[in-house]
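Before any comments, here is the structure.
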Amino acid sequence: MNKKTAVLCANLSSLVYRNFDDKLSKRLNKIFPYVMYFDKSGTQAIVAHDKERIVIIFRGTQPTQMADVSADLKTWPKRSEEVQGLVHTGFASALDYVWKDLEPFVDECVKLHDIKQVIFTGHSLGGALAVVAAARSKYVGEVYTFGQPRVGNRKYSKQVKSKVYRFVNNNDIVPRIPPPLVFRHQGTKYQIVDDRIVIPTSNWKAFWLSMEVRIKRIFKLSYFRSLVGDHDINAYHKILKSIKF
C-alpha cells in the first residue's frame, strides 16, 4: 500500500461525485492527461490514465438516484460469473451496465500506452463496484476502497487476485453491511481511529478497534451522528492527507 496512491484515490473517489462536465475535466487533467466518462443506467465511472498507470474510479451511492438505491437493496447473493463463489446481486448488476463499454476501453488504453499499473477505486457503492471490477478484470492490480460494503462470500473474497486496501473511517456504518451471514470483506483493512491508522491483524483486533471507536463516540455524544458523518468521502480524503502512515 502506498500513501500517495491512497490519498490520490480518495481524492478521485470524491471528484467522481461531481457533474461530468468541462470543469471536472480540467480538474482531472491536472492529474491525468487522458480522461473518459461512463454513465449508463445509473452506474457512473471515470477512467483516467497517463502512460504509466490507469485508474478506474466508480461513483458511490447517490440517494437521489433510484438505480443506486436499488443496487444497494438487492442484497441477495448470486453465483459469480467471474470467479468462484457468491457475489452481491445488486453490485454485480450495477457493474454490468458499464462493463461492456468500460472493459474494451481499458484494454485499448493499456495496449496503446503499454501501461503497467492498473488501479480500481471508489467510495461506498463505488468501492464495492471497484472490487467486483477487479474480480472480473484480466489485469491484476490494486484496489483502494473507502467506506466499502461487503461484496461477496468467503470463497469469492479469497479469489480477488488484485491487492485490496480497504479504508474504514472511525464509526462509518457502511462497511458493516450487508450482515456477515453470507458476505465477507477481502484484502487488508486500514482502520482510521481518530488521528491514526491501524492495520487490524486479526478478527479480534478488528473487533476491539471498532469497539474503541464506538465507545469514544458514545462518550462524545456523537455516536449516531458519526455513523453517517464518518462515511463522507471528503472526511476520508482530509484525514488521509493529514496523518502519517
Side-chain angles (χ1 to χ4, degrees), residues 9 13 42-43 45 56 58-63 65-99 120-137 140-192 198-211 213-214 227-228 230-231 233 236:
C9 286
S13 296
T43 300
I56 301 98
F58 293 94
R59 182 181 290 181
T61 301
Q62 294 176 287
Q65 295 288 332
M66 285 307 299
D68 290 354
V69 176
S70 176
D72 290 335
L73 293 177
K74 293 178 181 177
T75 57
W76 53 90
K78 74 169 188 175
R79 186 71 56 187
S80 168
E81 297 177 5
E82 52 270 4
V83 297
Q84 293 181 357
L86 303 176
V87 64
H88 187 291
T89 296
F91 302 154
S93 299
L95 182 62
D96 288 341
Y97 293 130
V98 297
W99 189 247
F120 305 86
T121 191
H123 164 255
S124 193
L125 167 64
L129 295 178
V131 171
V132 179
R136 288 188 186 183
S137 177
V140 177
E142 296 179 316
V143 186
Y144 287 80
T145 72
F146 311 92
Q148 170 216 317
R150 296 183 178 94
V151 173
N153 70 349
R154 189 184 301 275
K155 182 178 287 187
Y156 181 93
S157 298
K158 287 184 177 180
Q159 294 185 79
V160 179
K161 301 302 181 184
S162 292
K163 293 183 179 179
V164 180
Y165 306 114
R166 184 171 62 86
F167 291 86
V168 178
N169 180 31
N170 286 299
N171 203 32
D172 187 347
I173 192 173
V174 174
R176 303 181 214 168
I177 57 175
L181 299 174
V182 174
F183 300 101
R184 295 289 187 275
H185 278 301
Q186 55 283 117
T188 304
K189 176 184 177 183
Y190 290 80
Q191 176 70 55
I192 300 171
V198 183
I199 306 174
T201 54
S202 68
N203 290 335
W204 277 110
K205 185 172 182 179
F207 172 77
W208 287 115
L209 280 173
S210 297
M211 290 304 298
V213 171
R214 294 176 201 181
L227 292 174
V228 177
D230 288 344
H231 185 60
I233 182 56
Y236 276 93

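All residue numbers in this chain count up from 1 along the given sequence. This one's a predicted model, so the numbers in the text were calculated from it and none came from an experiment. Below, each value reflects all heavy atoms present in this structure, side chains not excepted, and no hydrogens, waters or symmetry copies.
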Self-check item: Test log, rule side-chain contact (heavy atoms from CB on, under 4.5 Å), inputs Y156 and V151
Solution: CA-CA 9 Å; Y156 181 93; V151 173; 4.0 Å; yes
Practice problem: Search all heavy atoms of A135 against all heavy atoms of V160 and return the closest pair with its distance. | Solution: CB-CG2, 4.2 Å
Quiz item: What is the minimum heavy-atom distance between A130 and V143, and which atoms define it?
Solution: CB-CG1, 4.1 Å
Quiz prompt | Contacts of S80 that satisfy side-chain hydrogen bond (donor to acceptor under 3.5 Å, both in side chains) - sequence neighbours left out | solution = E82
Quiz item: For the residue pair P149 and L125, what are the closest heavy atoms and their distance?
Solution: CD-N, 4.4 Å
Practice problem: Nearest 0.5 Å please: distance from the CD atom of Q84 over to the NZ atom of K158. | Solution: 12.0 Å
Quiz item: Is a side-chain donor-acceptor pair under 3.5 Å present for H123 with T145?
Solution: no
Quiz item: Taking the side chain from S137 and the backbone from A133, do they hold a donor-acceptor pair closer than 3.5 Å?
Solution: no
Quiz item: Which atoms form the tightest heavy-atom contact between Q186 and R166, and what is the distance?
Solution: O-NE, 3.9 Å
Quiz item: Going by atom types alone, do D230 and Y236 pair a side-chain donor with an acceptor below 3.5 Å?
Solution: no
Quiz item: Is any side-chain heavy atom of W76 closer than 4.5 Å to a side-chain heavy atom of T89?
Solution: yes
Quiz prompt | Rounded distance [0.5 Å steps], OG1 in T188 versus NZ in K163 | solution = 9.0 Å
Quiz item: Which heavy-atom pair separates V132 from F91 by the least distance, and what is that distance?
Solution: CG2-CB, 4.3 Å
Exercise. Could you go through the side-chain contact (heavy atoms from CB on, under 4.5 Å) check for H185 and Q148 one step at a time?
Key: CA-CA 9 Å; H185 278 301; Q148 170 216 317; 3.8 Å; yes
Exercise. Please answer whether the main-chain N or O of R184 pairs with a side-chain N or O of S157 as donor and acceptor at a distance below 3.5 Å.
Key: yes
Self-check item: Contacts of S210 that satisfy side-chain contact (heavy atoms from CB on, under 4.5 Å) - sequence neighbours left out
Solution: K189, Q191, R214
Quiz item: Does any N or O in the side chain of N169 come within less than 3.5 Å of the main-chain N or O of D172, such that one atom is a donor and the other an acceptor?
Solution: no
Quiz prompt | Those residues that, when tested against V140, pass side-chain contact (heavy atoms from CB on, under 4.5 Å) (two or more places apart) | solution = K161, S162
Quiz item: Residues two or more places apart in sequence or in another chain: which of them pass side-chain contact (heavy atoms from CB on, under 4.5 Å) with A92?
Solution: K78, V87, R136
Quiz prompt | ring pair (Phe, Tyr, Trp, His ring centres under 6.0 Å) involving F167 - partner list, sequence neighbours excluded | solution = F146, Y190
Exercise. Please identify each residue that fulfils side-chain contact (heavy atoms from CB on, under 4.5 Å) with K205, with sequence neighbours left out.
Key: V198, T201, S202, L209
Listed pairs under 3.5 Å, donor-acceptor, residues 173-182 side chains, sequence neighbours left out:
{"from": "R176", "atom 1": "NH2", "to": "N171", "atom 2": "O", "distance (Å)": "3.2"}
{"from": "R176", "atom 1": "NH2", "to": "N171", "atom 2": "OD1", "distance (Å)": "2.6"}

Quiz item: Where does the angle between the aromatic ring planes of W204 and F207 fall among parallel (under 30°), tilted (30 to 60°) and perpendicular (over 60°)?
Solution: perpendicular
Quiz prompt | Qualifying residues under ring pair (Phe, Tyr, Trp, His ring centres under 6.0 Å), relative to Y144, sequence neighbours excluded | solution = Y165
Quiz item: What closest approach, in Å, do C9 and T121 show between heavy atoms, and which atom pair accounts for it?
Solution: CB-OG1, 3.3 Å
